Undergrad: 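Questions regarding the structure given below will be posed in turn.
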Amino acid sequence: EFTYCALIEILGRAKEFQAIWHLLNAMRESGITVTAVPFTTLINSYGRVGMAEEAEQAFRSMQDFHCKPNVYAYNALLNAQLKVQRIEEALSTFMDMAQNGCDPDVVTYTTLITGLCRYGELDKASNLLDEMVNRECAPNTWTYTALVQGFLKAGHAEKALATYEQMQKKGCTPDAVTYNSLIDWFCKEGKPDKALELLDEMVGKGCDPDFGTYTALIDGLFKAGRADMALSTVRRMIRKGCNPDTATYSTLISWLCKEAETEEALDFLDWMMSRDSDPNNITNATLINGLFKAGRTDMVLCTVRRMMGKGCNPNKVTCTALVNWLCKQGKTDEAVELLDAITGTGLTP
RNA sequence: UCAUAGUGAACUC
């Protein structure tokens with residue numbers, strides 16, 4: 001049983017859904033009692049790739065396995081539904097929980113609050129927080145942070161800050177994610193100094209900055225025209241033992257290209273590739289786009305090849321741009337060659 | 001805790 005669950009987890013990440021179903025059926029046929037665990041794993045796997053209807057189907061089929069959904073299964077379903085904006089369905093899942101005597105927990109509420117905020121249903125989200133308190137289901141740092149983030153993204157800074165206050169009054173300590181949300185918001189508002197103050201505050205309170213903190217700051221400082229400070233933040237990050245990840249690299253590469261520092265941007269790519277982290281699709285798009293904008297068309301093709309060598313293929317937008325450019329240059333052969341090299345795209349200029 | 005929730009990056013718009 002334990003082994004099965006581990007296997008299903010792996011299959012789920014590999015999107016081998018059919019294999020999971022076969023495994024579940026095999027388990028049932030061999031008389032193994034199927035618990036809610038493998039179903040939760042399956043529902044989550046569907047959820048991750050946005051297959052909400054399949055997630056719903058998996059949830060319903062639990063019945064056929066005489067398996068009663070628990071709060072984990074409900075939460076996974078809610079998550080899958082909200083990810084693709086099935087708000088009505090999610091709300092009815094939430095009602096079902098109550099009817100089936102399954103008490104929502106803090107994860108249930110946080111999932112709902114996050115989902116509702118994402119689609120602008122801030123009042124509903126806010127009401128849920130009140131409902132939690134009334135039902136003696138204590139919100140935690142994640143719950144408050146989700147709501148803070150929701151208000152910030154919706155441009156309701158006052159409410160965000162009020163929630164942030166409320167959180168602390170209730171004894172929930174802000175963590176790195178909470179700070180990162182606020183830091184990012186200050187940066188986006190063009191107030192990197194405020195963001196830096198918050199950085200000091202978090203450090204002062206013993207909360208370690210992470211990738212998110214530094215990346216948000218670096219981006220904000222570049223945006224505010226303070227490239228030198230941004231680069232010193234990179235050094236600080238490395239000095240503190242927090243190594244840049246792919247998002248940090250993308251931020252750097254993007255800005256360096258904008259600042260016409262393409263050599264530095266390419267140096268970062270070298271550095272990145274010489275280290276643990278491989279470029280991902282976003283790094284790829286960032287760099288290619290940056291090189292085009294900076295007029296470094298000489299470097300475009302060899303960079304594309306290097307990244308493809310690392311298994312990092314251009315996305316649709318980049319690919320179209322590349323092919324267009326090659327065709328304009330009259331290098332249609334190279335364009336066709338490139339298209340062939342990129343699997344599974346049927347794009348033609 | 002064998003399974004679930006909140007942050008950061010490019011392009012497109």
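By convention in this document, chain letters (A, B, ...) are assigned in the order of the sequence lines, proteins followed by strands, and residues within each chain are numbered from 1. Predicted, not measured: the structure shown is a model, and the values here were computed from it.
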Undergrad: Applying side chain to side chain donor-acceptor pair (under 3.5 Å), name anything that partners K240(A), two or more places apart in sequence or on another chain.
TA: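 Partners of K240(A) by the side chain to side chain donor-acceptor pair (under 3.5 Å) criterion come out as none, since no residue qualifies.
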Undergrad: Roughly, in whole Å, what's the span from CG in N44(A) to C1' in C2(B)?
TA: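 One finds 13 Å between C1' of C2(B) and CG of N44(A), rounded.
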Undergrad: Which residues satisfy the side chain to side chain donor-acceptor pair (under 3.5 Å) test with N280(A), sequence neighbours excluded?
TA: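 So N280(A) forms a side chain to side chain donor-acceptor pair (under 3.5 Å) with T283(A).
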Undergrad: Quick test of your reading: applying salt bridge (Lys or Arg N to Asp or Glu O under 4.0 Å), list the pairs with at least one residue in residues 137-165 of chain A, sequence neighbours left out, ordered by first then second residue.
TA: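 Sorted result for residues 137-165 of chain A: empty, none.
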Undergrad: Go through the structure and list residues passing salt bridge (charged side-chain N to carboxylate O under 4.0 Å, His left out) with D103(A), not counting sequence neighbours.
TA: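 For D103(A) there are no salt bridge (charged side-chain N to carboxylate O under 4.0 Å, His left out) partners, ignoring immediate neighbours.
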Undergrad: At under 4.0 Å between heavy atoms, what does T40(A) touch on the DNA or RNA strands: base, sugar-phosphate, or nothing?
TA: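 It contacts base atoms.
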Undergrad: Sort and list the pairs that fulfil salt bridge (Lys or Arg N to Asp or Glu O under 4.0 Å) and have at least one residue in residues 74-88 of chain A, not counting sequence neighbours.
TA: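 Only E53(A)-R86(A), E56(A)-R86(A), R86(A)-E89(A) qualify under salt bridge (Lys or Arg N to Asp or Glu O under 4.0 Å).
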Undergrad: Round to a whole Å and report the spacing from CG of N70(A) to C1' of C2(B).
TA: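 Roughly 13 Å, once rounded to whole Å.
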Undergrad: Is atom NZ of K258(A) surrounded by more than 12 heavy atoms (other residues, nucleotides or ligands) closer than 6.0 Å?
TA: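 Yes, enclosed.
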Undergrad: May I have the list of side-chain donor-acceptor pairs in residues 211-223 of chain A shorter than 3.5 Å, sequence neighbours left out?
TA:
unit_1: T213(A); atom_1: OG1; unit_2: N180(A); atom_2: OD1; d: 2.6
unit_1: T213(A); atom_1: OG1; unit_2: D210(A); atom_2: N; d: 2.9
unit_1: T213(A); atom_1: OG1; unit_2: D210(A); atom_2: O; d: 3.4
unit_1: T213(A); atom_1: OG1; unit_2: D210(A); atom_2: OD1; d: 3.0
unit_1: T215(A); atom_1: OG1; unit_2: F211(A); atom_2: O; d: 2.7
unit_1: T215(A); atom_1: OG1; unit_2: T248(A); atom_2: OG1; d: 3.0
unit_1: D219(A); atom_1: OD1; unit_2: W255(A); atom_2: NE1; d: 2.7
unit_1: D219(A); atom_1: OD2; unit_2: K223(A); atom_2: NZ; d: 2.7

Undergrad: Output all residues satisfying side chain to side chain donor-acceptor pair (under 3.5 Å) with K328(A), sequence neighbours left out; order by chain, then residue number.
TA: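 Expected list: none.
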Undergrad: How does protein reach along nucleotides 6-13 of chain B, written 5' to 3' as B (base within reach of a heavy atom under 4.0 Å), S (only sugar-phosphate), or - (no contact)?
TA: BBBBBB--
Undergrad: Residues in side chain to side chain donor-acceptor pair (under 3.5 Å) with N44(A), at least two apart?
TA: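 Here no residue qualifies.
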Undergrad: Give each stem of RNA chain B as a range with a range, requiring at least 3 consecutive Watson-Crick or G-U wobble pairs whose two distances are under 3.5 Å.
TA: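 In RNA chain B, stems of three or more pairs: none.
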Undergrad: Short of 4.0 Å, heavy atom to strand atom, which residues of residues 295-312 of chain A count as contacting RNA chain B?
TA: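 Of all residues in residues 295-312 of chain A, none places a heavy atom under 4.0 Å from RNA chain B.
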Undergrad: Can you tell me whether the side chain of T41(A) and the base of A3(B) have a donor-acceptor pair closer than 3.5 Å?
TA: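 Under the 3.5 Å cut-off, the side chain and the base do not form any donor-acceptor pair.
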Undergrad: Give the rounded distance in Å between these two atoms: CD1 of I43(A) and P of C2(B).
TA: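 It works out to 19 Å between those atoms.
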Undergrad: Verify whether the ring centers belonging to F17(A) and Y46(A) lie closer than 6.0 Å.
TA: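 Between F17(A) and Y46(A), the centre distance is under 6.0 Å.
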Undergrad: Using the C1' atom on both, measure U1(B) against A5(B) and round to a whole Å.
TA: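 These two C1' atoms come out 15 Å apart once rounded.
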Undergrad: Of all residues at least two apart in sequence or in a different chain, which pass the side-chain contact (heavy atoms from CB on, under 4.5 Å) check with H22(A)?
TA: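 side-chain contact (heavy atoms from CB on, under 4.5 Å) list for H22(A), sorted by chain: empty.
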Undergrad: Whole Å only: how far is the CZ atom of F65(A) from the P atom of A3(B)?
TA: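 So the two atoms are 21 Å apart, to the nearest Å.
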